[in-house]
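Letters A, B, ... are given to chains in the order of the sequence lines, protein chains preceding strands, and every chain is numbered from 1.
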2 protein chains.
Amino acid sequence: MGSSWGIPRTMAEVHALLYIVGEPLNTDQIMARLSISRGSASMSLKSLHDWGLIARAHRRGDRKEYFRAEQDVWQVFRIITRERKRREIDPVLMALHECRDLTGPRATAAMRHRSEIEAHNLRLDEMIEFIRLIDSLAEQFVSPSGKGLRLAVGLLGKAV
Amino acid sequence: MGSSWGIPRTMAEVHALLYIVGEPLNTDQIMARLSISRGSASMSLKSLHDWGLIARAHRRGDRKEYFRAEQDVWQVFRIITRERKRREIDPVLMALHECRDLTGPRATAAMRHRSEIEAHNLRLDEMIEFIRLIDSLAEQFVSPSGKGLRLAVGLLGKAV
DNA sequence: TGGATATTTCAAAATTTTCTGAAAGCACTG
DNA sequence: CAGTGCTTTCAGAAAATTTTGAAATATCCA
């Protein structure tokens, strides 16, 4: 599933395994089950943990680290959305602002190509405004309260 | 921008160029401007055209084909969302259904691991239901009427 | 602290994705 | 229907991404 979601294949597989198995597994179990290398397993687990999709767990009498996957699909979706927003929207907004700064009032002092620059700026502003909207929409979806997404589904369902 | 959006770099650049320039360009102009090969330009233009992000245009007295980019950011977003839904949600739904079929009533006839299979099925059903919701949400966003997205932004803005 | 076990790192290898450029294909014109 | 100009195709090249595996590092416990 995750491979079409912009997530490395192995990382997606590790998460899928932990999600489906439901109970905590350790690195060796994961390696064996998925036929992947130790390095790969370690990296995938680290990423998944950074994202918050899995939690460390320990068994007493066992020094190995075990990992358990978040089980709530809504929460999983929220986490993935947050990450995608971070990767796909935030940098774009920053880039747009940088572009805008380059042709701001100060930069147009040269007064050459004035109207052309202004046309570009209009277009840029329109785009910045738009991405801002999408950004705040995404923000709602990932809000920790968790209300945004359910609300959207509910509202749009009715609004059809 | 588009490179973090799951779109090939060159394709994104071609679209950006056409969008920013605003007026139609032909293949040679695009090649020159972006320093890319003819094949690459042709393929990118084909994809963009398939998506509906650019339209063919002709100048009289000129046999070359010109391309003009869709100028409305909302429409651009809708098109990209439609494509991403097609690539990221639809196949997942199909895969989930396939999985579900494998462990459906017929398959459990063997009666072994019965409860384990049922637990998996519950999980699977939960996920299918969830992805269905997301899918219909996306459907609203890409609806040709174009109301879905604006509505969502409006509603959620108020709902904060 | 030493030794044993578990985890992380990272350069090189494998894989996947994307681009190139030459050749084939098409369509118009004389 | 041959010539010209433009577009598309696709096998191989290049680039980007991901994985491996062994060495380095960290952790635990006697």
Note to self: Of the options C:dT8, C:dC19, D:dT18, whose atoms approach the side-chain atoms of A:R56 most closely?
What the structure shows: C:dT8
Next item on the list: Apply side chain to side chain contact (heavy atoms under 4.5 Å, CB included) to B:R63 and list each qualifying residue two or more places apart in sequence or on a separate chain.
Entry: none
Next item on the list: Round to the nearest Å and state the distance from B:H58 atom NE2 to C:dC28 atom P.
Entry: 10 Å
Item checked: Atom-to-atom span, CG of B:L45 to P of C:dT20 - whole angstrom -> 13 Å
Notebook entry, point to check: Among all residues two or more places apart in sequence or in another chain, which pass the salt bridge (charged side-chain N to carboxylate O under 4.0 Å, His left out) test with B:E13?
Noted result: B:R9
Next item on the list: Please say whether the positively charged group of B:R56, taken as NZ for Lys or CZ for Arg, lies over the ring of B:Y66, i.e. under 6.0 angstrom from the six-membered ring centre and within 45 degrees of the axis.
Entry: no
Margin query: What is the separation between atom CD1 on A:I7 and atom C1' on D:dT17, rounded to the nearest whole Å?
Written below: 15 Å
Notebook entry, point to check: Starting at NZ of A:K64 and ending at C1' of C:dT8, how long is that distance when rounded to a whole Å?
Noted result: 16 Å
Next item on the list: Take atom CD of B:E13 and atom C1' of C:dC19, then tell me their distance rounded to the nearest Å.
Entry: 12 Å
Notebook entry, point to check: Considering residues at least two apart in sequence or located in another chain, which fulfil the ring pair (Phe, Tyr, Trp, His ring centres under 6.0 Å) criterion with A:F130?
Noted result: B:W74, B:F77
Notebook entry, point to check: When the distance from CG of A:L48 to P of C:dT8 is rounded to whole Å, what number comes out?
Noted result: 13 Å
Measure all distances between protein nitrogen or oxygen atoms and nitrogen or oxygen atoms of nucleotides 26-30 of chain D, and list the pairs falling under 3.5 Å.
unit_1	atom_1	unit_2	atom_2	d
D:dT27	O2	A:R63	NH2	3.1

Note to self: If the threshold is 4.0 Å, N to carboxylate O, is there a salt bridge linking B:E83 and B:R78?
What the structure shows: no
Next item on the list: Could you list the residues that satisfy side chain to side chain contact (heavy atoms under 4.5 Å, CB included) with B:R68, not counting sequence neighbours?
Entry: B:P24
Check: Rounded to the Å, how far apart are B:E65 CD and C:dC28 P?
Finding: 11 Å
Check: Which residues satisfy the side-chain hydrogen bond (donor to acceptor under 3.5 Å, both in side chains) test with B:R123, sequence neighbours excluded?
Finding: A:Q71
Item checked: Residues within residues 26-43 of chain A bordering DNA chain C, heavy-atom distance below 4.0 Å -> A:T27, A:R38, A:G39, A:S42, A:M43
Note to self: Quick test of your reading: applying side chain to side chain donor-acceptor pair (under 3.5 Å), list the pairs with at least one residue in residues 36-48 of chain A, sequence neighbours left out, ordered by first then second residue.
What the structure shows: A:D28-A:R38, A:K46-A:D50
Next item on the list: For A:M11 and D:dT18, give me the distance from atom CE to atom P, rounded to whole Å.
Entry: 10 Å
Next item on the list: Not counting sequence neighbours, which residues clear salt bridge (charged side-chain N to carboxylate O under 4.0 Å, His left out) with B:R82? List them please.
Entry: none
